[in-house]
> 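One structure is given below, represented as structure tokens, and several questions about it will come after.
The model shown is predicted, which means the values in this text are computed figures rather than measured ones.
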Amino acid sequence: MLNLSLLTDPAFCPHSLNKYASIMACGNGYMGIRATHEEEYTQQTRGMYLAGLYHRAGRNETCELVNLPDITGIDVELDGENFTLLSGEILSWQRELAFANGELHRSLIWRSPEGRRYRLESRRFVSLDALPLVAMQLSITPLDASSQIVLKTGIDATQTNSGRQHLDEISVRVFDQHYLQGVYETQDRTAEVAISACCRLSKDSDSCFTAKNRRITAHHALTASPGETVTLEKLVWVTHRRDRALSTETFARNALADLQAYASQGYATLLARSASAWEKVWRDSRVEVASTQEWDQRALDYAVWHLTAMTPAHDERSSIAAKGLTGEGYKGHVFWDTEIFLLPFHLFTRPQVARSLLRYRWLNLPGAREKARRNGWPGALFPWESAASGQEETPEFAAINIRTGIRQKVASALAEHHIVADIAWAVVAYWQATHDDDFMRSEGLTLLMETASFWMGRATEANGRLEIHDVIGPDEYTEHVNNNAYTNYLAWHNVASARRFMTMFGREDARFTENANRFLTRLWLPEANAEGVLPQDDTFMAKPAIDLSRYKAKAGKQTILLDYSRAEVNEMQILKQADVVMLNYLLPERFTPQQCVANLAFYEPRTIHDSSLSKAIHGIVFARCGDTERGYAFWRDGVAIDLGDDPHSSDEGIHAAATGAIWSGVIQGFAGLQVVEGELHLAPKLPAHWRRLTFPLRWRNARLRVTLEDDLLTIDTTAPVTLTLWGKTLNASGRQVWSYKDFMTSVTGTATMEGRHDA
Ligand code: BGC
């Protein structure tokens, strides 16, 4: 097994049950399962989700990722006592998620209130080899005396999304003494789910089954001698379908047959197969650092783990939810997070996955066209939040004011239109990194043209130029403004890219080109002031600033909204998250380093970082501006969003975009990766804590490995590449080593810098 870090849950604590359930969740992009304990705790939220399986539970509800019937719960009775860590005593405790093979493991010794000791050990993984497969084991060893053990487990369809039930039970069955199956249907009758489970004990037991109140349960009772270990093995196959080509009976029968084929192999073999699939993931994408801070490597492994576990690489009809497949936050909806925060990791490690994520948008163009049309605009207006259908899924209202009973409207669906240009940005980034002309011809150009058409219709004549009015930029604390710099620049980039690629691929259209030319010459692009600061929008600079230190100290908790209404916040210089800094990050070639520094200096003190999308982006821009240590401090803060001490930071699921930003912070920040005018640039500079950084990178037809150690930069490449290192463009092939110091001298013109071909 690879020598990778482990994520540990240091102690049993009722307060942090849900945080660890999220961050230690297992998944394979097809399904995700929260890392809940087998035994029940009232505070603990169980969760199992299938990518793309959404449903709306009622007229006033929002379409959400369905929390499926639970398979992880096991009631354990030891000598008549219910096993729970809330009573008795925990004599030893170990719980960890092994990134190398994807196994979640807990081992503990418990002394019951009656004074008897037992060892309990549980293991679980979601297979990366056979996507619908989940495997679990629970082993119990009485340590003091012969013990009566009762185990109850099965499929529990009383599970809901915070009380909202999405599934009707169609059938529950038991087959061959070991197999259970529940078949369910979404209440709108559009999808069916079959959950099949096989439960086997290592020792003969007195067993029976019950099916009652949406639960189908296997009951096992047995006696174990002191020191004797009994193991329950539970293998589960979770499938769903939307098409009705087969009858429900055939669908269910096939699911059972699939499980039976796997069940005969047993837990250890199935784990080994899944582990070798993970091994490939690690080989293709692991970032390794030698840091004096042990947590740095763990954070990077954590990021790659979840970036893999959350991404439906198998299905281009699904995309990545804001909490991945680890919880119900944001209802499992897809935001701009995917294209801007998550896609870069895939683009540079598994480009075919980036393609699939863009195909999701392409397949959902009808919904985006429809939204634009409904609002009187041409082209495609992608929904701010989307699910399976491509329709706008943003809830109309957010929190309720419980004193007035008035609900706060969510404005993003109405005005947070930058997502349109974000998708176009990602299309361009994909082509630049892959030169995948087929994609550009068949899907990319359509996406670029439709999004560009939207902006050309969206802009208005004002002040003798084209302006974009009434938008929300990335900073959601500033709503309904004119000429948000981020939006205008990204829209310009969107239209310019559409024009360029249409010409490049021989698809020029005279009317489109004329409109594009007009738009590009007349769109107002806010200009930096004498200090280099770009105004966030037309009115931002005239608003008052306030001291934000107490809100910044509680970043992520939105405490400003306890003291001020949204309308008041809107009238002050208060940013929820990176906005102009975000623009500096995405379009680095448009701004000078001095402007980036000026924008950081002006906007950061005005930014609370109440969104998890903020800190890491500041970290990247600081690192690119040469302030590696501030870059590192922001990167560490970004890591702490999920992995810090706050016991509730991730109760509703991990912060998917923030995990993408952990990877990006290192590759685009400290390694200085930028794509400038379509070309690959690297300018590594490591934080003081780091001695070595090495990572794989895909760039067009080459697989690269980049290693920076002390003063030496080594690049291994499977095919010749042209790249710019610390500002100097060169060709690399095979293995080449450069010395940073020599390089710096050469850039200043006093030495030749060809790089050394190593033997
Ligand atoms: C942020 C958005 C983000 C969303 C989902 C919000 O709090 O402001 O930028 O897309 O969370 O992560």
> Stepwise, does the side chain to side chain contact (heavy atoms under 4.5 Å, CB included) test hold for Tyr30 with Leu50?
CA-CA 6 Å; Tyr30 168 86; Leu50 287 172; 3.5 Å; yes
> Using every non-hydrogen atom in the two residues, find where Arg124 and Cys26 come nearest and quote the distance to one decimal.
O-SG, 4.4 Å
> Hey, are the side chains of Ile667 and Phe348 touching, using non-hydrogen atoms and a 4.5 Å cut-off?
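Of all side-chain heavy-atom pairs linking Phe348 with Ile667, none is under 4.5 Å.
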> Rounded to the nearest 0.5 Å, how far apart are CD1 of Ile71 and CG of Leu235?
10.0 Å
> Are more than 12 heavy atoms from other residues, nucleotides or ligands located less than 6.0 Å from atom CD of Gln43?
yes
> Are Thr72 and Arg46 linked by a side-chain donor-acceptor pair shorter than 3.5 Å?
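There is such a pair between these side chains.
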> Which atom names give the shortest non-hydrogen contact between Gly52 and Ser318, and what distance separates them?
CA-OG, 3.5 Å
> May I ask you to decide whether Arg117 forms a salt bridge with Asp144, counting only side-chain N to carboxylate O separations under 4.0 Å?
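Counted as a salt bridge, because a side-chain N and a carboxylate O are separated by less than 4.0 Å.
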> Between the side chains of Arg106 and Glu38, is the shortest nitrogen-to-carboxylate-oxygen separation below 4.0 Å, so that they form an ion pair?
yes
> Mind checking whether Ser285 and Arg350 have side chains closer than 4.5 Å, heavy atoms only?
no
> Do the side chains of Arg95 and Asp9 get close enough for a salt bridge, i.e. N-O under 4.0 angstrom?
yes
> With a 3.5 Å cut-off and no angle check, do the side chains of Thr292 and His689 form a donor-acceptor pair?
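Yes - a donor-acceptor pair under 3.5 Å links their side chains.
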> Give me the atom names and distance for the closest heavy-atom approach of Ser202 to Thr229.
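Where Ser202 meets Thr229 most closely, the heavy atoms are OG-O, 4.1 Å.
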> At what distance, to the nearest 0.5 angstrom, does CZ of Arg214 lie from OG1 of Thr160?
9.5 Å
> I need the minimum non-hydrogen distance between Phe99 and Ser5, along with the two atoms involved.
CD1-O, 3.1 Å
> Supply the atom-to-atom distance Asp70 CG to Arg215 CZ, rounded to the nearest 0.5 angstrom.
9.5 Å
> Glu629: what forms a salt bridge (Lys or Arg N to Asp or Glu O under 4.0 Å) with it, not counting sequence neighbours?
none
> So, taking the atom named CD in Glu288 and the one named CZ in Arg705, what distance separates them when rounded to the nearest 0.5 Å?
6.0 Å
> Test your reading of the model: is there a side-chain donor-acceptor pair from Lys19 to the backbone of Asp646, 3.5 Å cut-off?
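Indeed, once roles are kept as given, a pair shorter than 3.5 Å links the two residues.
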> Taking all atoms of both residues into account, what is the closest heavy-atom pair of Leu342 and Ala656, and its distance?
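Here Leu342 and Ala656 meet closest at CD2-O, 3.3 Å.
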> Between Tyr632 and Asp296, do the side chains contain a donor N or O and an acceptor N or O under 3.5 Å apart?
yes
> To the nearest 0.5 Å, what is the distance between OG (Ser147) and CD (Glu77)?
12.0 Å
> How long is the gap from CG on Leu6 to NE2 on His105, to the nearest 0.5 Å?
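That separation rounds to 10.5 Å.
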> Which of these passes side chain to side chain donor-acceptor pair (under 3.5 Å) with Gln137: Glu121, Arg123, Glu233, Glu103?
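Result for side chain to side chain donor-acceptor pair (under 3.5 Å) with Gln137: Glu233.
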> Ser207 and His220: side-chain donor and acceptor closer than 3.5 Å?
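His220 and Ser207 do have a side-chain donor-acceptor pair below 3.5 Å.
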> Can you label the angle between the Trp690 ring and the Trp635 ring as parallel, tilted or perpendicular, going by 30° and 60°?
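Because their plane-to-plane angle is over 60°, the rings of Trp690 and Trp635 count as perpendicular.
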> Taking the six-membered ring for Trp, are the ring centroids of Phe12 and Tyr41 within less than 6.0 Å of each other?
yes
> Show your reasoning for whether side chain to side chain contact (heavy atoms under 4.5 Å, CB included) applies to Leu7 and Leu643.
CA-CA 10 Å; Leu7 185 64; Leu643 296 179; 4.0 Å; yes
> Would you check if Thr559 and Lys557 make a side-chain contact, meaning some heavy-atom pair closer than 4.5 Å?
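Side chain of Thr559 against side chain of Lys557, heavy atoms only: contact under 4.5 Å found.
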> Assess whether a salt bridge exists between Lys203 and Glu228, defined as any Lys/Arg side-chain N lying under 4.0 Å from an Asp/Glu carboxylate O.
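Salt bridge: yes.
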> Compare every heavy atom of Thr36 with every heavy atom of Ala21, then report the nearest pair and how far apart it is.
CB-CG2, 4.0 Å
> When you check the side-chain N and O atoms of Arg164 and Asn67, is any donor under 3.5 Å from an acceptor?
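No, because no side-chain N or O of Arg164 sits under 3.5 Å from a partner of the opposite role on Asn67.
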> Tell me, yes or no, whether the heavy-atom count around Glu652 atom CD, taken from other residues, nucleotides or ligands under 6.0 Å, exceeds 12.
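No, because the 6.0 Å sphere around CD of Glu652 holds 12 heavy atoms or fewer from other groups.
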> Does Lys552 have more than 12 heavy atoms from other residues, nucleotides or ligands lying within 6.0 Å of its NZ?
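Atom NZ in Lys552 is packed in, count exceeds 12.
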